[in-house]
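Worksheet: one structure, shown below.
Numbers for residues simply follow the sequence, beginning at 1. Remember, it's a predicted structure, so these values are computed and weren't measured experimentally. As a basis for the values below, the full set of heavy atoms in this structure was taken, side chains included, without hydrogen atoms, waters or symmetry mates.
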Amino acid sequence: MKPPPNGTPDPPPRTPPTTPPPEPAEASPPAPEPERRTAPAPAADSGTGPGPGADPYPAPQRHGAVPAADPVEKPNATPPPGPAAAPASGPDAASDPPPGSVPEPNAAPDSAPASDSAAGPVTTPAPDPDPAPGPGSAPAADSAPAAEPGTAPASGPAAAPASGPAAAPASGPDAASDPPPGSVPEPNAASDSAAGPVTTPAPDPDPAPDPDPAPDPDPAPDPDSAPDPAPDGDPDAGPGQEAMPGGGGRQRAGGAAGGRRRWGRWVRRGVFALVLVLVVPLLVAEAALRVNYTGDPADGTYTRGQDAIWLGHAWVDGRKSAADVAALAEQLRPTGIHDLYVHTGPLEHDGTLPKAVYPKASWFIAAVHRELPGVRVQAWLGDVLATESPDGLRLERARTRTAVVASTREVLAAGFQGAHFDLEPLPSGDRDYLALLDDLRAVTRVHGALLSVAAHQIDPLPSFHSVWKTLTHHPKWWSQAYFGEVARRVDQIAVMSYDTMQPLQSLYGGYVAQQTSLALEVTPPATQLLMGLPFYHENRFGHWAHAETVPAAVRGVRLGLSRTDAGRARFGVALYVDFAATEADWTAYREDWVHR
């Protein structure tokens, strides 16, 4: 602001008002930022905005900073740059000093104007020789009053009057009001003073701290801390959400991270529970199988001369010759094989069996009897059951079972000395299968033939067949009780003790020992029990050639027989299958089981 030109006459002295001073206008509410205490500004009757000298950009109060007490500027402080605030104008602008105060002498009307940007300490000129002026005298235009105790010149951000309508000095003839009792008024500054109007607040009994304390930085939020509850006004916001205008909630990053952590914990707990439920029992069972493979078999646990072998379909469809039969006889003589299960089927899905399927059956039976007197030849009949798909043989149909019985009569009429059935996959507890066996047993007895079956493995753990079927929908195992029901209805029962999914020879051998014991426990003494030996080599899920070997199977059979019923007479092994066997398989069978 430019200073007024030289020669401006002093304003006339103001006479004290006869009416009581008006009530000061109530200041407008402060800004939402934390309040920063500054020197109070004189209240005014009217005014609509900041007046000259008010700081238009008050320093913001940071969150977490301690608000300063009423600051008291030290003398000689440097005033802030910018336009100086002009004193109130008008005939009544000056206020009467209280009794006992010493007013500043009037300045000469032709005194030099003050500089626009005064700096440095402000000094008080020597008093004028004229007598002391009356109340309301104006100070000199080019000088500033000396700092009295408890007063401070306007300097720095703390001296700026508060922003808002209450901070501006009012204009008009009656704008100035008498100071409150007990306050010390500041002498009026010159109209061209650079420091603006100076007001002196009542002395604060507390010591003034540093006007600009360094605010503490906001602490970083803890990501693991619990989310704050939703603020009022947002009924939809839950824990970990911020209220938004108009309702609704916004998921905080911390809340989302917490949700992911909770989800991860539940996943880990689920995996751990699955391990406990499935893996731990499996590991315990595998350890038991390894222990089951230890020890030495009892003496005399070798062949009883009642073993069997599964033969392929080529022996009855014309692909084999008399020389082949002679070679087969040479292979079987030094063994304990007494029954041949030659593949004569498969049955049709309706239970029928065309005779064209086994045109050379009678020839083969006669050739075997010439080469191997006393060896029985049985018709191996089988089919896939409609258990896992709609395509297959359905035992629940009575006419299908009747057709199977009729086909059995036909093969017995062709010269076979028994009927061996392999129907799978067969669920444990199937009553239709038991009904079929009852019907077949009546037919074989009439013909003086044997009824033989290939049986599923027995549960290695209680109710394991139910668990496995639930998980895989594949009926691989029978319960021990159901195995016993089947064994009581037949003359021979051969356990298919291969395709066990065991990865090591020791585990496979222990598994065969377990199966041997389980089968012996429920098979009647009148029924011949045979344990299967793997005479084939495949690597697939369920069968590993390096684990399921003939030596491991024979040792397992002997261990199971030794522990359960070492003197069992009607007992043997069944070799599967002739067309896949190797010389090593035959050697292991002769050396470990035949033992001749």
**OP:** Using only heavy-atom distances, determine whether the side chains of H420 and W310 contain a donor-acceptor pair under 3.5 Å.
**Re:** yes
Original post:
Does R441 have any salt bridge (Lys or Arg N to Asp or Glu O under 4.0 Å) partners at least two apart in sequence or in another chain, and if so, which?
Top reply: D491
**OP:** Can you measure from CG (L450) to CD (Q417) and round to the nearest 0.5 angstrom?
**Re:** 8.0 Å
Original post:
Do R568 and E521 sit within salt-bridge range, that is, some charged N less than 4.0 Å from a carboxylate O?
Top reply: no
Original post:
Should R540 and D499 be marked as a salt bridge (charged side-chain N to carboxylate O under 4.0 Å, His left out) after you check the CA-CA gap, both sets of side-chain angles, and the distance that decides it?
Top reply: CA-CA 9 Å; R540 52 176 171 80; D499 292 351; 3.0 Å; yes
Original post:
Is the distance between the ring centroids of F421 and W380 less than 6.0 Å?
Top reply: no
Original post:
Would you call R401-D432 a salt bridge at under 4.0 Å N-O?
Top reply: yes
**OP:** May I ask you to say whether E330 pairs ionically with R333, meaning some side-chain N is under 4.0 Å from a carboxylate O?
**Re:** yes
**OP:** Look up atom CD in E396 and atom OH in Y433, then write down how far apart they are to the nearest 0.5 Å.
**Re:** 15.0 Å
Subject >> Cation-pi geometry met for R269 and W266 (6.0 Å, 45°) >> reply: yes
Original post:
Is it true that K360 and D317 have a side-chain N and a carboxylate O under 4.0 angstrom from each other?
Top reply: no
Original post:
Yes or no on salt bridge (charged side-chain N to carboxylate O under 4.0 Å, His left out) for K476 and E388, after CA distance, side-chain angles and deciding distance?
Top reply: CA-CA 12 Å; K476 182 175 178 60; E388 301 174 314; over 6 Å; no
